[in-house]
Amino acid sequence: MPTDPNNYPFQLAAILSDRLRAAKQELVTQWLARITARVAISTKRVFPTHELLNHIPLLIEGIAGYLKRPERDIDAKAPVVAKAMELGALRHTQGFDAYELLKEYEMLGAIIFAFLTDTAETIPGDFARRDFLVCWERLGQAMELIRQATVSHFLRLSSTQINERENRLRKFNRTVAHELKNNVTAITAASTALAEQWIAPEERKEFDQIIARNAESLRHALENLESLSRTQADSRHCRNVMLPEAASEAVRELEDAAKAKRVNVRVADDLPPIEVDAAVVELCLMNYVSNGIKYSDEAKPERWVSIAATVEGPDTERDREVVIRVTDNGIGIPADRREQLFHEFYRAHDETVTEAAGTGLGLSIVRETVESIGGRAWAEFPADTGTVFAFSVPSRRREDIQAIKGSTTSSPEKADRP
Ligand code: ADP
């Protein structure tokens with residue numbers, strides 16, 4: 001909004017602006033303390049890099065400059081707008097919501113106005129009341145403009161993210177429907193053929209196998225979908241259990257499958273005693289362990305899958321994570337087929353070779369699920385044998401840190417992340 005230079009109280013504006021500029025570090029310290037108290041996160045996470053800490057004084061600089069020089073407007077090209085937008089992007093990646101962001105600006109406004117109210121009392125000279133009000137109006141505009149730049153950028157990023165999620169979900173539904181239809185079509189065709197009198201006994205066996213294989217695929221896909229929806233529902237009423245308990249539960253569920261393939265499933269006895277989201281961790285472990293069993297190597301006399309976990313990350317509650325690794329001595333994954341492992345419907349082995357029925361959905365569900373709670377999923381490939389599938393979940397609770405301090409953590413062999 002252009003200000004009429006003929007009516008602008010330049011002298012007063014210059015004094016207020018200089019005082020504001022001189023006090024910027026002190027104001028930032030106050031702001032930081034109030035935000036940290038309000039959003040209950042570590043100072044390091046409010047401004048994770050030094051560069052960003054420099055941002056806030058720059059915003060105050062921008063406001064001071066706007067006050068002093070009425071001929072300059074804050075528009076999209078102003079450097080202060082770029083800084084304000086970067087703040088919006090940071091808060092978006094940190095998972096703030098729009099309300100927290102608005103609160104953050106409300107606090108900044110309150111701190112700046114409180115500072116200037118005190119300053120106004122100490123300004124020498126005899127300025128007209130009108131002049132103070134003009135300066136106040138100009139300050140209000142500056143605050144409003146940088147808030148708009150931050151919030152609108154934040155909302156733009158949020159809406160892009162929602163659109164991407166919707167598209168992914170649509171694509172996911174399409175591919176699931178397609179895959180299920182394929183299984184049903186194969187079952188229908190095989191059972192129609194079986195009804196024919198002329199079918200030879202060996203062909204009958206083959207059709208029986210087609211039916212069994214496709215029914216198994218259907219069962220597996222439906223189980224995955226069911227656990228996925230359970231996880232989503234559970235995330236609202238999240239049930240926490242201790243990690244060793246979640247691991248035992250996953251192993252118990254897969255006992256029969258492991259026995260059938262003569263695979264020994266082991267759980268490290270030094271799993272960190274921390275609380276985890278039961279639905280998420282059991283779902284991921286079951287997928288990884290059942291793959292370890294399914295893709296075990298018949299040629300090896302001893303077949304095993306092992307579960308281990310470590311706590312990794314810096315010393316702040318938010319950034320610490322539990323990394324859970326499922327290692328097997330199975331058939332491994334050829335080097336040229338590793339890149340898309342976590343993509344929906346991707347299968348790295350030829351089914352006729354492994355004879356393992358599957359849909360290629362399990363790993364993508366694991367990744368989607370852990371990412372929904374701020375974790376990650378990946379695979380590591382030891383040089384000698386088998387595969388390591390890993391996932392991490394954030395560990396935030398203060399009690400966890402106490403528990404970890406009192407326990408030793410295992411550290412399995414490391415391999416490069418893809
Ligand atoms: P599915 O097992 O239903 O095919 P997943 O998404 O669970 O689907 O796995 C994708 C592919 O990754 C599998 O088809 C298989 O080729 C490969 N894979 C997964 N886990 C292992 C493992 N432990 N060892 C070897 N290959 C694996």
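We're numbering straight along the sequence, starting at 1. Please read all numbers here as calculations on a predicted model, not as lab measurements. Just follow the structure's listing: the first ligand is 1, and inside any ligand the first atom is 1.
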G360 to ligand 1, any heavy atom closer than 4.0 Å | yes
Between K83, K68, R21, which is the residue that forms a salt bridge (Lys or Arg N to Asp or Glu O under 4.0 Å) with E61?
-> R21
Close aromatic pair by centroid cut-off 6.0 Å: W378 and F389 | no
So is there a nitrogen or oxygen of L341 less than 3.5 Å from a nitrogen or oxygen in ligand 1?
-> no
Is the cationic atom of R19 (NZ for Lys, CZ for Arg) positioned less than 6.0 Å from the six-membered ring centroid of F115 and within 45 degrees of its normal?
-> no
Which atoms of ligand 1 sit under 4.0 Å from any heavy atom of K294?
-> 1 (P), 2 (O), 3 (O)
For residues 199-211, the salt bridge (charged side-chain N to carboxylate O under 4.0 Å, His left out) pairs (sequence neighbours left out) are none
Is there a donor-acceptor contact under 3.5 Å from the side chain of R91 to the main chain of F154?
-> no
D328: numbered ligand 1 atoms lying under 4.0 Å from its heavy atoms | 22 (C), 23 (N)
Should the proximity of L363 to ligand 1, defined as any heavy atom under 4.0 Å, be assigned to the side chain, the backbone, both, or neither?
-> both
Taking the six-membered ring for Trp, are the ring centroids of F391 and Y288 within less than 6.0 Å of each other?
-> yes
Should G362 be counted as touching ligand 1, given the test is an N or O pair under 3.5 Å?
-> yes
Could you establish whether T387 and ligand 1 come within less than 4.0 Å of each other, counting only heavy atoms on the residue side?
-> yes
Mind telling me whether W31 and Y105 have parallel, tilted or perpendicular rings, with 30° and 60° as the class edges?
-> tilted
Of Y288, F389, Y346, the residue with the heavy atom nearest atom 11 (C) of ligand 1 is Y346
Is there a nitrogen or oxygen of S364 sitting under 3.5 Å from a nitrogen or oxygen of ligand 1?
-> no
Could you list which atoms of ligand 1 come closer than 4.0 Å to a heavy atom of L361?
-> 6 (O), 8 (O)
